[in-house]
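Report on the structure given below.
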Amino acid sequence: MEYQFKKTEQFWQQYWKENNSYAVSNISDKKPFYVLDMFPYPSGAGLHVGHPLGYIASDIYSRFKRLKGFNVLHPMGFDSFGLPAEQYALETGQHPAATTEKNIATFKQQLDKIGFCYDWNREVRTSDPYYYKWTQWIFLKLFNSWFNTESNKAERIQTLVEKFEKHGSTLLSRQPASFQSFSAEEWISFSDKMKQEILMEYRLAFSAYGEVNWCEALGTVLANDEVVNGLSERGGHPVVKKKMRQWYMRITAYADRLLKGLNTVDFSDSMKEMQRNWIGKSEGAELQFAIDGHEENIKVYTTRPDTIFGVDFIVLAPEHELVDKITSAEQRVSIDEYFTYVKSRSDRERMAEVKQVTGCFTGAFALNPFNNKKIPVWIAEYVLAGYGTGAIMAVPCGDQRDFLFAEHFQIPVTNIIGEHFNYSEANPTKEAILQNSGFLDGLIMKDAIVVALEKITEMGIGKRKVNFKMRDAGFSRQRYWGEPFPITWKDGIAVPLEENDLPLHLPHVDTYGPGPEGEGPLANLKEWVDLSAGDSEVRRETSTMPGYAGSSWYFLRYMDPENQETFCDRKASDYWGQVDVYVGGTEHAVGHLLYSRMWTKVLFDLGMIGFDEPFKKLVNQGMIQGSSRFIFRLEGEGISKEKVFVSYSLVEKWEKAQISKDELLKKINEVTGSSSISSTISFSRIHVDVNLVDGFELDKEAFKKWKPEYVNSFFILEDGKYTCAAEVEKMSKSKYNTVNPDVLVDKYGADTFRMYEMFLGPVEQSKPWDTKGIEGVHRFLRKLWRLFNDDIKGKLWNEEQPTDAEWKVLHTAIKKIENDTSNFSYNTAVSAFMVCVNELAEMKSNKRSVLEPLLIILTPYAPHIAEELWRQLGNTSSILDAAYPHVEEKYLTETSKEYPVSINGKLRTTITLPLTMEQADAEAMVLKNDVVQKWLEGKSPKKFIFVKGKMVNVVI
RNA sequence: GCCCGGGUGGCGGAAUUGGUAGACGCAGCAGACUCAAAAUCUGCCAUUCGCAAGGAUGUGCUGGUUCGAUUCCAGUCCCGGGCACCA
């Protein structure tokens, strides 16, 4: 019987489901192993072939580990809160809960067809109240915690209150800038509101005023994505920055630990690099410059205090608070103009244009603290208010951007590095010997950094400072479809809900428009919001949490999804521990991965879990790009435009002038039956649905049915074929290059689809999708089937004893595939399967003792056919519970033999050669080579190296 | 501008990490089986010179280290991804 994948796959999927074959228990003698995928956002578009790439990779690994005797946790769930569902609701009026539910159903159906071994009993959905109850609960833990810089960990806020009650703020090394220090007595005397305001400066989840993108016309806050060139994406209305009360995660408190933690995890170097760059730790100095004629100081941050004598000007961010105060009367107009210009510039523009130097002189001068030199103070858009102190000291001879600025505005440049500076570009060296640098003269710059720092500290004009690029993470959104905050505002004080009152359900709304004052839609529910009683005003928080709230801890919930007492029982998280392998795309490099790392550290600090890094190993799957196909519509006078499509093979010839106009027209007229004559011939290139194309050949009938306007199309063929042109582009619906996995699973089966996705190339690598090679994998599975069954003879396998050659083929494959699978090198593993089956087929080897282990190692890749054939061999228990076969090394070396080799009559060593070679060959090889002769004098070689049958080297 | 990847046949990609470059698959060509098709099987398939045996060239480009380089080093050019002009 031929291999009937549809029947087979449906049968076993049903069987596994009915037998709960993928259920995982938290109680087991086996070692635990946790394989996790980044859970998807259930979008309305459903899965495309890019999605399953990572899922298949992790599924293979899970099944592999299971065969290796581990208790494997491999769950799946849905990141089901998010903006798209809400936007869809705005457009269609359908409730996000309903559309999300529907989308999840579609996703699950699509996923199940591919045969993943998820334990669906553990599914989580972030929008489920049973789930977000615990997101809110963890939020309250964050709210009620502070980061103690002495112990370097999070502690309950109570410990801070106790410190204040005993010692005031004096014992704390970190104090918020906005508060003066206070004594214990003062603390006790503070009003409750004052106390709460102070505590808010320490809480890990805290509320503060922050800038948002505000669109007056839409009356709403917009995400960065929704702002294009300073205008709203919808409607093109102006967008301005507006201060609003927001919630934040104090992730900056964990900057150092997030950085150090990277050394303990197995992420790719580029991923670690991205996170390091994002955290952006730098060590330097903060120092003050006095301003001539003003009381205020300008604080600058620099990593190069050694260049202090090379400062030729100071640049403030245009938004810097001192700008207004120090601007001179004559510069006022220019500064205002420049400020207006900067405001009109989007972040994207400020980022993109590097070559254009802009700036404006304030008219003020700062004084160099060491030589009292007058330094002009400028503003420029390249200095950002949010980083460091929003002011820099510019050293043109050492910093290229400063140099270009000086050059552009003709500011004289001081050279402090002598011949290292050539006056045509800056030199950022740290190796030069300083000149023109007062007390630093003669020092090498890298040594001068410390000397300068000491002097600055001694003079009281600055201090050593560690700076981080990373800023606290905004944690509130003025949206509906997210977790409501378990917070009420009572007379301006944030009051957390009691834990027993969780979850705070997301109330139903009828409209999804913004609330008054641009608050989230929840603000429209007056009764829900207003809890005022008596004199005090009590209002619920109307923002909701961002998408990353639920995804910051979901990996813990899978361990204990049913628990109603806590987010995850400590026993469960102790048993499973860290996620051993986490698979997902690089787009989450700095968002999700940093937030979940932070939450894990907080939960660890509070003693709720036993590890402080969530993911032990991270595997990044590459992006699947689309491979678009194009058809060519004939354009020209006298030709019916919509209907004539010319094969790309002919278009190519036409473009290369390999075919004459008459010939082409003749072909066209033959097909269309008319006699059109045209003075000009040209073609327009049109995207055609890749699914209508087999390789490059267009399915003409399917094309005619694709769109009504193509019903009466004519095709100008070559060799009876219509060929299409191709190009690699991003996968998108508008380019008609998306491929739905369902179609492929229907046509070739899940096993073929799984193996083909892996065969396409390394998991980590981005690559264009191309269906044309899938036949090869399908052929492989059919060939495997034919080792067991035959159309005519039926059962083929037998109980005979395999030959050494057969054992060799099997064990070579086991070794290679085991190795490749554990290294996520699935593409070469699939190749190894093909080689193995080809060789067995050639030997007509149908021996059970060879075929059985082969099926086991195939299980992770093609579980359905493996299970089917396994049962055909008479096994009564599932192949899922088989043990991974061991490699018998002896079968791998049998075909080689050792030869003694002597040179000049003396026995020197033995070498191992294939059986096909003889003693004479071995000696001849050695003797022929003069390189060897030289190297051999008096030494005993360990290894000979042959290239093309010639010995080229000896390892001694 | 900065950071991280990557350049190998017509195509996707291999190469035990310094040791016969092009495994495996696709596409293509030729053949077998068949009335025919499908399916299956066999052979060829980097470029170039040659009837052939065989030779020369060849892993983006230019050099270097080495007996030997796709692999290591320096420079350079392209392509992809990321970015918050980060002082």
Side-chain angles (χ1 to χ4, degrees), chain A residues 2 224 268-274 276-278 280-282 284 300-304 307 315 347-357 380-384 386-395 398-402 404 428 467-471 585-587 589-590 620 622-623 625 627 695-697 726 728 730 755-756 759-762 764-780 782-783 786 791 815-816 819 825 827-836 838 841-842 929-932 934-935 943-955:
Chain A
E2 253 304 295
N224 282 332
S268 72
D269 288 343
S270 56
M271 176 64 57
K272 288 184 179 181
E273 200 61 30
M274 273 190 236
R276 284 195 194 101
N277 287 343
W278 188 266
K281 182 179 183 172
S282 67
V300 304
Y301 174 74
T302 180
T303 51
R304 296 294 301 275
T307 61
V315 188
D347 285 358
R348 213 168 272 191
E349 283 173 321
R350 279 175 75 161
M351 207 180 1
E353 289 174 42
V354 182
K355 284 162 197 159
Q356 192 186 336
V357 180
E381 61 177 332
Y382 79 85
V383 175
L384 302 181
Y387 182 75
T389 59
I392 61 160
M393 54 179 231
V395 183
D399 184 289
Q400 184 61 13
R401 215 175 31 213
D402 296 346
L404 290 173
N467 202 38
F468 293 97
K469 275 196 272 183
M470 186 167 66
R471 299 196 276 265
T586 47
E587 66 270 22
V590 287
N620 291 117
M623 202 172 66
Q625 293 150 315
S627 183
F696 295 95
E697 189 182 348
V728 173
K730 216 174 178 166
M755 287 193 97
Y756 182 59
F759 186 60
L760 214 51
E764 297 91 342
Q765 196 174 303
S766 291
K767 57 227 154 193
W769 177 262
D770 189 349
T771 306
K772 77 182 180 198
I774 199 169
E775 288 280 355
V777 175
H778 197 223
R779 266 174 218 152
F780 155 76
R782 288 205 302 260
K783 201 168 199 171
R786 288 198 304 272
D791 267 353
K815 190 175 182 178
K816 168 93 176 132
N819 199 30
S825 180
N827 56 328
T828 50
V830 175
S831 294
F833 277 117
M834 290 174 172
V835 171
C836 176
N838 278 341
E842 203 166 317
N929 194 289
D930 21 305
V931 179
V932 175
K934 272 188 239 161
W935 286 49
K943 189 185 165 195
F944 295 89
I945 293 163
F946 295 91
V947 175
K948 287 194 179 176
K950 270 189 199 167
M951 180 177 289
V952 293
N953 199 8
V954 183
V955 180

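Letters go in sequence order (proteins before strands), and every chain restarts at 1. Owing to the predicted nature of the structure, the values given are computational and were not obtained by experimental measurement.
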Query raised in the report: Just how far, in rounded Å, is P of C26(B) from CE of Met755(A)?
Result: 14 Å

Requested in this report: Using the C1' atoms only, state how far C33(B) lies from A38(B), rounded to an integer number of Å.
Outcome: 12 Å

**Report entry** Spacing of Glu842(A) atom CD relative to C41(B) atom C1', expressed in whole Å
**Finding:** 11 Å

Query raised in the report: For atom C1', what is the distance between C67(B) and G60(B), given to the nearest Å?
Result: 27 Å

Report task. Apply side chain to side chain contact (heavy atoms under 4.5 Å, CB included) to the pair Trp278(A) and Lys469(A), showing each step before the final yes or no. Result -> CA-CA 7 Å; Trp278(A) 188 266; Lys469(A) 275 196 272 183; over 6 Å; no

Requested in this report: Could you measure between the two P atoms, the one in G9(B) and the one in C61(B), and give it in whole Å?
Outcome: 10 Å

Query raised in the report: Under a 3.5 Å cut-off for both distances, is G75(B) Watson-Crick or wobble paired, and to whom?
Result: C61(B)

**Report entry** From CA spacing to verdict: side chain to side chain contact (heavy atoms under 4.5 Å, CB included), Asp402(A), Ile392(A)
**Finding:** CA-CA 10 Å; Asp402(A) 296 346; Ile392(A) 61 160; 3.8 Å; yes

Report summary line: From CD of Glu381(A) across to C1' of C86(B) the rounded distance in Å is 15 Å

Report summary line: When Asn277(A) and Gly761(A) are each assigned the nearest nucleotide of RNA chain B, the 5'-most assignment goes to Asn277(A)

Query raised in the report: Using atom P of each nucleotide, how far apart are C24(B) and U42(B) to the nearest Å?
Result: 13 Å

Detail all sub-3.5 Å separations between protein N/O atoms and N/O atoms belonging to nucleotides 22-25 of chain B.
| residue | atom | partner | partner atom | Å |
| --- | --- | --- | --- | --- |
| G25(B) | OP1 | Asn838(A) | ND2 | 3.1 |

Report summary line: When both distances are under 3.5 Å in a Watson-Crick or G-U wobble arrangement, the nucleotide paired with G50(B) is none

**Report entry** Nearest-angstrom distance, P atom, G6(B) to G10(B)
**Finding:** 23 Å

Requested in this report: Give a yes/no on whether any side-chain N or O of Arg786(A) is located under 4.0 angstrom from OP1 or OP2 of C41(B).
Outcome: yes

Query raised in the report: Given atom NE2 of His778(A) and atom P of A39(B), what is their separation to the nearest angstrom?
Result: 12 Å

Requested in this report: Establish, with yes or no, whether the OP1 or OP2 oxygen of U40(B) is under 4.0 angstrom from a side-chain nitrogen or oxygen of Arg782(A).
Outcome: yes

Requested in this report: Kindly compute the distance separating CZ (Phe780(A)) from OG (Ser831(A)), expressed to the nearest 0.5 Å.
Outcome: 10.0 Å

Requested in this report: Just label U17(B) as syn or anti from its O4'-C1'-N9-C4 or O4'-C1'-N1-C2 angle, using within 90° of 0 for syn.
Outcome: syn

Query raised in the report: Between G13(B) and Gln765(A), is there an OP1 or OP2 to side-chain N/O distance shorter than 4.0 Å?
Result: yes

Report task. Sticking with atom P, work out how far U8(B) lies from C2(B), rounded to a whole angstrom. Result -> 25 Å

**Report entry** Base paired to A21(B) (Watson-Crick or G-U; both N/O distances under 3.5 angstrom)
**Finding:** none

Report task. Indicate syn or anti for G9(B), taking the glycosidic torsion and treating anything within 90° of 0 as syn. Result -> syn

Report task. Identify the nucleotide, in any strand shown, that forms a Watson-Crick or G-U wobble pair with C85(B), with both distances under 3.5 Å; if there is none, say none. Result -> none

Query raised in the report: Taking atom P in both G55(B) and A21(B), what distance in whole Å separates the two?
Result: 13 Å

Requested in this report: Return the value, rounded to whole Å, for the distance between atom NZ of Lys469(A) and atom P of C3(B).
Outcome: 11 Å

Report task. Take the protein atom CZ of Arg276(A) and the nucleotide atom C1' of C86(B), then report the distance between them rounded to whole Å. Result -> 18 Å

**Report entry** P-based separation of U71(B) from U20(B) [nearest Å]
**Finding:** 14 Å

Requested in this report: Check whether more than 12 heavy atoms from other residues, nucleotides or ligands sit under 6.0 Å from atom NZ of Lys272(A), and answer yes or no.
Outcome: yes

**Report entry** Which atom of Tyr301(A) lies closest to which atom of Gly284(A), heavy atoms considered
**Finding:** OH-N, 3.4 Å

Requested in this report: Quick one: closest heavy-atom pair of Thr307(A) and Val395(A), and the distance?
Outcome: OG1-CG2, 3.4 Å

Requested in this report: Search all heavy atoms of Met834(A) against all heavy atoms of Gly776(A) and return the closest pair with its distance.
Outcome: CE-O, 4.1 Å

Requested in this report: Could you pull out the closest heavy-atom pair between Arg304(A) and Met393(A), with the gap in Å?
Outcome: O-CE, 3.7 Å

Requested in this report: If the plane angle is over 60° it's perpendicular, under 30° parallel, otherwise tilted; pick one for Tyr756(A) and Trp769(A).
Outcome: perpendicular

**Report entry** Interatomic distance where CG belongs to Asn819(A) and C1' belongs to A14(B) [whole Å]
**Finding:** 15 Å

Query raised in the report: Is any side-chain N or O of Lys815(A) closer than 4.0 Å to OP1 or OP2 of U16(B)?
Result: no

Report task. Tell me which of Ser282(A) and Lys783(A) sits closer to the 5' end of RNA chain B, going by the nucleotide each one is nearest to. Result -> Lys783(A)

Query - Any-strand Watson-Crick or G-U partner of U66(B), both distances under 3.5 Å - result: none

Query raised in the report: Atom CD1 of Ile392(A) to atom P of C86(B): distance rounded to whole Å?
Result: 10 Å

